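Presented below is the structure to which this report refers.
Hydrogens, waters and symmetry mates are skipped; everything else that's a heavy atom, side chains included, is used. These numbers come from a predicted model, not from an experiment.
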Amino acid sequence: MNWLLLIIAGLFEVAFAYCLGKAKETSGAVMWSWYAGFLVCLTVSMVLLVKVTKELPIGTAYAVWTGIGAVGSVLVGILVFKEPATFWRVFFISTLIISIVGLKVVSE
């Protein structure tokens, strides 16, 4: 269950990065709505991270959480915000995914 909550926390980290990107593209009340979404996603992500670190090793949980956020944010940047998908970006995202899976495999 803790691993599932950790994945959800990582997805909320991706969501708060998405909200920041959308806020950058807008202005006025819409911008502030995206910032509010950012704060909600940030809060949910942090609360879940705190919860899972009571049972999972902090180093592993934090690395997986940030890894999900990093990979997800780069993918959102490529797919939603039309950032470049160069060979090296995809290569290093792939190595990050392999590292996250490796941490899960070696953790108790």
Side-chain angles (χ1 to χ4, degrees):
M1 183 65 169
N2 286 311
W3 284 103
L4 177 61
L5 291 177
L6 184 58
I7 291 168
I8 293 168
L11 293 175
F12 271 97
E13 185 181 5
V14 175
F16 77 67
Y18 173 77
C19 289
L20 284 177
K22 293 300 283 184
K24 186 174 84 169
E25 295 179 346
T26 60
S27 62
V30 174
M31 177 188 69
W32 291 110
S33 296
W34 284 111
Y35 282 135
F38 162 78
L39 290 174
V40 169
C41 291
L42 175 67
T43 302
V44 171
S45 183
M46 292 294 170
V47 167
L48 290 174
L49 180 62
V50 168
K51 179 174 176 38
V52 300
T53 57
K54 292 178 181 176
E55 300 294 327
L56 299 176
I58 184 76
T60 301
Y62 186 76
V64 170
W65 178 76
T66 57
I68 292 168
V71 170
S73 296
V74 170
L75 291 175
V76 166
I78 291 169
L79 298 172
V80 177
F81 298 111
K82 307 301 182 220
E83 294 175 359
T86 64
F87 169 80
W88 289 112
R89 287 185 88 188
V90 173
F91 173 77
F92 286 117
I93 291 169
S94 300
T95 61
L96 187 55
I97 293 168
I98 291 167
S99 298
I100 293 167
V101 171
L103 281 172
K104 165 65 172 106
V105 169
V106 301
S107 295
E108 297 177 16

Under 3.5 Å donor-acceptor, Ser45 side chain and Ala9 backbone:
yes

Do Ile78 and Arg89 have side-chain heavy atoms sitting under 4.5 Å apart?
yes

Pairwise distance NZ(Lys24) to OH(Tyr35) - rounded to 0.5 angstrom
10.0 Å

Nearest 0.5 Å, please: how far is CG in Leu49 from CD1 in Ile8?
13.0 Å

Could you tell me which non-hydrogen atom of Ile68 sits nearest to which non-hydrogen atom of Leu11, and how far apart they are?
CG2-N, 3.9 Å

dist Thr60:OG1 -> Trp3:CH2 (nearest 0.5 Å) comes out at 6.0 Å

Rounding to 0.5 Å, atoms CG (Leu48) and OG1 (Thr43) come to a distance of 10.5 Å

Distance from Ile93 atom CD1 to Leu96 atom CG, nearest 0.5 Å?
8.0 Å

Quick one: do Val47 and Leu42 end up in the same hydrophobic cluster if we chain Ile, Leu, Val, Met, Phe, Trp and Tyr together by side-chain heavy atoms under 4.5 Å apart?
no

Take the angle between the ring planes of Tyr62 and Trp65 and call it parallel below 30°, perpendicular above 60°, tilted in between.
tilted

Is there a path of hydrophobic side-chain contacts, each under 4.5 Å between heavy atoms of I/L/V/M/F/W/Y residues, joining Ile58 to Val64?
no

Please say yes or no: joined through hydrophobic side-chain contacts below 4.5 Å, possibly via intermediate residues, are Ile97 and Val90 part of one cluster?
no

Can you tell me if Thr66 uses its side chain to pair, donor with acceptor, with the backbone of Ala63 under 3.5 Å?
yes

Looking only at heavy atoms, the pair that brings Lys51 and Leu5 closest together is CE-CD1, 3.7 Å

Tell me whether Leu4 shares a hydrophobic cluster with Phe12, the cluster being built from Ile, Leu, Val, Met, Phe, Trp, Tyr side chains joined at under 4.5 Å.
yes

What pair of heavy atoms forms the shortest contact from Thr53 to Ala61, and how long is it?
CG2-CB, 3.9 Å

With clusters defined by side-chain heavy atoms of hydrophobic residues (ILVMFWY) lying less than 4.5 Å apart, directly or transitively, does Phe81 cluster with Val30?
yes

Hey, can you tell me if Trp34 and Tyr18 have their rings parallel, tilted or perpendicular (30° and 60° cut-offs)?
perpendicular

